[in-house]
Amino acid sequence: VNDSLTIQSSKGPYSVHFVKNALSYLKKYPEDKTQLIVDAKVYELYKNNFDCELPAYKTTLIEAREELKNIDQASTYTRMLIDRQVRSDHTLIAIGGGIIQDITCFLASTLFRGMKWSFVPTTLLAQADSSIGSKSSINVGEFKNLMGTFYPPQEIFTDLQFLDTLDLADIKSGIGEILKVHMIKGIPYFESALSDYSEMLHNRLVLKDYIHKSLVFKREMIELDEFDKGPRNVMNYGHSFGHAIEAATNFAVPHGIAVTIGMDMANYQSLKMNRVSENQFKSWHIGLKKNYHSFKNVKIPIETFLMAISKDKKNVGDGLSLILPQDLGKIEKVIVPNNREFADNCQVFLDIYLSS
Ligand SMILES: NC(=O)c1ccc[n+]([C@@H]2O[C@H](COP(=O)([O-])OP(=O)(O)OC[C@H]3O[C@@H](n4cnc5c(N)ncnc54)[C@H](O)[C@@H]3O)[C@@H](O)[C@H]2O)c1
Ligand SMILES: [Zn+2]
């Protein structure tokens, strides 16, 4: 495994550095031109490291809650930075998971029409997926990631040590995105990731390998289609369903776990459209279920779910824009009529497969 990975973007290349003791790498940022935006929980867990590792940076603590990743809250965060004398030539440094990243990236891309930012991802989801790709996403009410920008960071320092304090559900959330990108790379990659599932959970070296592979596979898509105009759309596999699950449960299901259920639902829809065989669906279902088993009893009210999926930002006209796999062939975008049949398929999935 290389210890650095570079991504090309319209704003220039940026790199992920796999390092030990990530915080020590931040010392090169000058004290008077740097502002930290830190997950309050991460700060609590690692504050001793912060104290001895870092200069006296101005630090804004943010609670990583999906309900606070929204457009109303964004102006509160902006105020907090203004109170700390933020200037356009400062660099914002995000330390936390995908929520802190999305907020920081959004602020960096809009405040003063753009300032620099860098990132220390502390969750598996952020390390294996969200840290690259330059998207920021902000919720509007219960509608997920409806607003956002494309705005890459200067650099990313990935330190697997942070994963030691992560809840199991958040490890599984990250594995959800790892499984997703492997399906996009191709069915054999997806199936080998499914068969390595318990290794990934319990062996850090195996996990590191999957983090690295996930970034390499994602890089292929984002370098091909940085602004998500075509080929990159497939990265949304599991996400239309997943975002609707997050909305319908008031974000009780972590993002990557909602995406795992979402992939299973997309596969079920594919079965109903004769894109995959019953055996194929069932064998993938057994694998995916392991990753969302502990959420199988969560209540997903069908009406709220259907309302949310019909408002997904990728939809065109009245059709639902879904990313669906195929037994023989490539995963692709399919426009599916938003009708009774679709609703019934979702209902049957929730009744039979989610909780079984
Ligand atoms: N911008 C993108 O490209 C992109 C891609 C995928 C997901 N996302 C977004 O990312 C978000 C999910 O990210 P996430 O899973 O990292 O969630 P998160 O940022 O909410 O972190 C999950 C939980 O882990 C805690 N935490 C973080 N680091 C920790 C550590 N080292 N030890 C212990 N606890 C820690 C957080 O406080 C939080 O409670 C969603 O909002 C999703 O929409 C964005
Ligand atoms: Zn995601």
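Keep in mind it's a predicted model, so treat the numbers as computed, not measured. Order of appearance sets the numbers: ligands from 1, and atoms from 1 within every ligand.
Side-chain contact annotation: Ser15 with Thr6, donor-acceptor N/O pair under 3.5 Å present. Side-chain contact annotation: Asn49 with Tyr43, donor-acceptor N/O pair under 3.5 Å absent. A side-chain N or O of Asn233 and one of Asp228 form a donor-acceptor pair less than 3.5 Å apart. Between Glu53 and Ser24, the side chains place no donor N or O within less than 3.5 Å of an acceptor N or O (distance only, hydrogens not considered).
Residue contact annotation: Glu63 has no non-hydrogen atom under 4.0 Å from ligand 1. In this structure, Lys144 is part of the shell of residues with a heavy atom less than 4.0 angstrom from ligand 1.
By heavy-atom distance, the residue among Ala94, Ser130, Gly242 lying nearest atom 2 (C) of ligand 1 is Ser130. If you check each of Cys105, Gly98, Gly148 against atom 14 (P) of ligand 1, the one with the closest non-hydrogen atom is Gly98. Of the options Asp102, Val42, Leu124, Asp170, the smallest heavy-atom separation from atom 9 (C) of ligand 1 is shown by Asp102. The option with the heavy atom closest to atom 28 (N) of ligand 1, from among Thr122, Ile132, Ile95, Ile62, is Thr122.
His243 and His239 have perpendicular rings, their planes meeting at more than 60° on a 0 to 90° scale where under 30° would count as parallel. The aromatic rings of His182 and Tyr210 lie tilted to each other, with the angle between the two planes from 30° to 60°. Ring geometry, Tyr353 versus Tyr268: the interplanar angle falls from 30° to 60°, so the pair is classed tilted.
Counting non-hydrogen atoms of other residues, nucleotides and ligands closer than 6.0 Å to CD of Glu341 gives a total of 12 or fewer. For CG of Leu328, the number of neighbouring non-hydrogen atoms (other residues, nucleotides, ligands) closer than 6.0 Å is 12 at most.
Scored by the side chain to side chain contact (heavy atoms under 4.5 Å, CB included) test, Asp318 finds no partners at all (sequence neighbours excluded). For Ala248, the side chain to side chain contact (heavy atoms under 4.5 Å, CB included) criterion is met by Ile300, Pro301, Thr304, Phe305, not counting sequence neighbours. Remark: Lys41 pairs with Asp39, Leu45, Asp167 by the side chain to side chain contact (heavy atoms under 4.5 Å, CB included) rule, at least two apart or across chains.
Against a heavy-atom cut-off of under 4.0 Å, Lys41 is close to the following atoms of ligand 1: 34 (N), 37 (O). When each atom of ligand 1 is checked for a heavy atom of Asp129 under 4.0 Å away, the hits are 5 (C), 6 (C). Below 4.0 Å from some heavy atom of Glu66 lie the following atoms of ligand 1, by number and element: 40 (C), 41 (O).
With a 4.0 Å cut-off on non-hydrogen atoms, Leu163 does not touch ligand 1 at all. Under 4.0 angstrom from ligand 1, the non-hydrogen atoms of Leu45 all belong to its side chain. For Ile99, heavy-atom contacts with ligand 1 shorter than 4.0 Å involve the backbone as well as the side chain. Under 4.0 Å from ligand 1, the heavy atoms of Asp39 that appear belong solely to its side chain.
Summary of contacts: the protein heavy atom closest to atom 30 (C) of ligand 1 is Thr165 OG1, 3.5 Å. Closest protein heavy atom to atom 38 (C) of ligand 1: Ala64 CB, 4.0 Å. Of the protein's heavy atoms, Leu166 CD1, 3.5 Å lies nearest to atom 35 (C) of ligand 1. The shortest contact between atom 21 (O) of ligand 1 and any protein heavy atom is with Thr123 CG2, 3.6 Å. Ranking protein heavy atoms by distance to atom 15 (O) of ligand 1, first place goes to Leu125 CB, 3.6 Å.
The line from CD of Gln269 to SG of Cys346 is 6.5 Å long, rounded to the nearest 0.5 Å. Ile99 contributes atom CD1, which lies 7.0 Å from atom CD1 of Ile103 (distance to the nearest 0.5 angstrom).
Within a radius of less than 2.8 Å around the Zn ion (ligand 2), the protein N, O or S atoms are Glu177 OE2, His239 NE2, His255 NE2.
Checked by distance only, ligand 1 and Lys135 come closer than 3.5 Å through their nitrogen or oxygen atoms.
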Evaluation steps, salt bridge (Lys or Arg N to Asp or Glu O under 4.0 Å), between Arg204 and Asp164 | CA-CA 10 Å; Arg204 277 296 140 83; Asp164 293 348; 2.8 Å; yes
